Amino acid sequence: MAETSTLHQRPASSLSLLEEMERTYKDLPMEAIVKQDILRQGIHFFPEAFQVKDPYKSKDYFIFSFDHIPLADLKDGADTKAPEEIKISGGHFGLLKTVISTRNNPNSPYKMKLKEGKPTLFLEETEIGTAEYPPIPSWYRHKTKSGKLPGEIAPVIEWGYLLYLTVFRNCQYFGKDEECAYCDINHNYRQQKGAGRPYTGVKDVEDILEVLSWVDAEDEIAKVYTITGGSVLTNLKKKSEVDFYLQYPEAIEAKFPKRWMGKLVAQAFEKEDCQKFKDAGIQIYHPNYEVWDKALFEKICPGKASWIGYENWIRRVVDSAEVFGPENVIPNFVGGVELSEPWGFKTVKEAITSTKQGLDFFMSKGIVPRFTAWCPEPYTTLGQQAGPPLVYFCELLRAWKETFESYGLPTPPGYGEPGPGKAVFSVSAFMDVIGYTGRN
């Protein structure tokens, strides 16, 4: 890895860049390399790309915008017609089917067009793959007694595998002095409401149970639900943070015991609170630490740093493994945010060295962090800036894979099958690299 990989040397995506990565990173599947490049650059959907024969599931904006420009600035139908995810295959690299989250970016070099009536992704003039859009689940046809659509209450992602229950669509870490610098949960809520869309801020337990009753009756694809939302610092609906979030798994598991695997994405709680969620039926816990470096954590996650503190956060993540089991604690970090301006590292090597320390710390204890690929969303503190170069994501995937394999750890549960052509986790390629043995 070149020492000179700095923030100011970020080559745009090109076929030659992908081919260079293909030659350099033979231990990584091309599916993972292409996936990370598309995630970092986003996709420009031509209007024709929405003129497909079969109905498909468009973006539900289930928690963040994951777009490179404001919703109001998206043109040609991209604000309402962009698919939640794409699944590409074939093309120049002969890709196996690869599921990738949609991030709208009209300035992206990746262009989705129609070719012979099929959506096809191009990089410059080169065909990267034929695309599929996710099907609409049958149960999306219903409406709750309160008049709400399933995609607003319990949207499905990861090609139908995961029910994503953002039960609180705001966060009480509010304003640049407290909000995580990369996060647009509050801004996304305002955008959706500003566009006149139905977008429930706090979801009613009964609405969720009603939608899940349709999933239970009609769906065999969804295997997992995630309960998440913004942090609660004081109280919400006259409940503490723990009690507010606890009511959802308690109700779901009482009505549909062990029907789906339950996950919780929330703050790092003390052991006694973790035990309450375990007792309620939650199996997987994601107390996301976001960025490993302590100084960066304090800059990028100022609210978490001031209310809980870096050392407390990391200690609580480790302690939670005593409750859930190490393999069931899967904290997320935001891949690439450690290179963000103005506080981030200046070189890829420094960023990877730091992040790998965190991977080694957790994996040595049997805890397997996952990562999402940072999307520079416009209304965040970090704002619109160049994301990391592709070489960073290749180095990150290599570091993650090598550390994971060196400790002989099991595949993280609740993510479906691992490996190229099988992985459905759509916001990074960490699942795509598991089990890959390399190419000549």
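Because the structure is a prediction, the values reported are computed rather than measured.
In this structure, Cys171 SG and Leu233 CG are separated by 6.5 Å, a value rounded to the nearest 0.5 Å. Here CZ of Phe66 is found 14.5 Å from CG of Asn105. Values are rounded to the nearest 0.5 Å.
For NZ of Lys193, the number of neighbouring non-hydrogen atoms (other residues, nucleotides, ligands) closer than 6.0 Å is greater than 12. Residue Lys422 qualifies as open at atom NZ: its count of foreign heavy atoms under 6.0 Å is 12 or below. Lys113 NZ: more than 12 foreign heavy atoms inside a 6.0 Å radius. The number of heavy-atom neighbours closer than 6.0 Å to NZ of Lys401, taken from other residues, nucleotides and ligands shown, is above 12.
Formation of a donor-acceptor pair under 3.5 Å by the Gln384 side chain with backbone atoms of His68 is found in this model. When atom types are taken as modelled, the side chain of Thr166 and the backbone of Arg169 share no donor-acceptor pair closer than 3.5 angstrom. Within the 3.5 Å criterion, the main-chain N or O of Thr403 finds a donor-acceptor partner in the side chain of Ser406. Although no hydrogens or angles enter the test, the distance criterion places a donor-acceptor pair under 3.5 Å between the side chain of Glu85 and the main chain of Trp159. Checking side-chain atoms of Glu338 against main-chain N and O of Gly336 turns up a donor-acceptor pair under 3.5 Å. Between the side chain of Arg370 and the backbone N or O of Ser428 there is no donor-acceptor pair closer than 3.5 Å. A donor-acceptor contact shorter than 3.5 Å is absent between the side chain of Glu327 and the backbone of Pro412.
Under the side-chain contact (heavy atoms from CB on, under 4.5 Å) rule, Leu212 has a single partner from Ile153, Asp219, Ile252, which is Ile252.
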Candidate pair Met30 and Leu95, rule side-chain contact (heavy atoms from CB on, under 4.5 Å), full reasoning: CA-CA 7 Å; Met30 275 310 293; Leu95 300 176; 4.2 Å; yes

Side chain to side chain donor-acceptor pair (under 3.5 Å) between Glu395 and Tyr25, worked out: CA-CA 9 Å; Glu395 288 289 333; Tyr25 296 94; 2.6 Å; yes

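Legend: residues meeting side chain to side chain contact (heavy atoms under 4.5 Å, CB included) with Thr226, ordered by chain and number and at least two apart, are Leu162, Tyr164, Thr228, Lys263, Val265. Residues forming a side chain to side chain donor-acceptor pair (under 3.5 Å) with Glu402 (at least two apart in sequence, or on another chain): none.
For the pair Arg315 and Glu270, the salt-bridge criterion is met [side-chain N within less than 4.0 Å of a carboxylate O]. Under 4.0 Å is where a charged nitrogen must lie from a carboxylate oxygen, and between Glu152 and Lys203 no such pair does. Ion pairing between Glu31 and Lys35 fails under the 4.0 Å rule for side-chain N and carboxylate O.
Using cut-offs of 30° and 60° on the angle between ring planes, the pair His44 and Phe46 is tilted.
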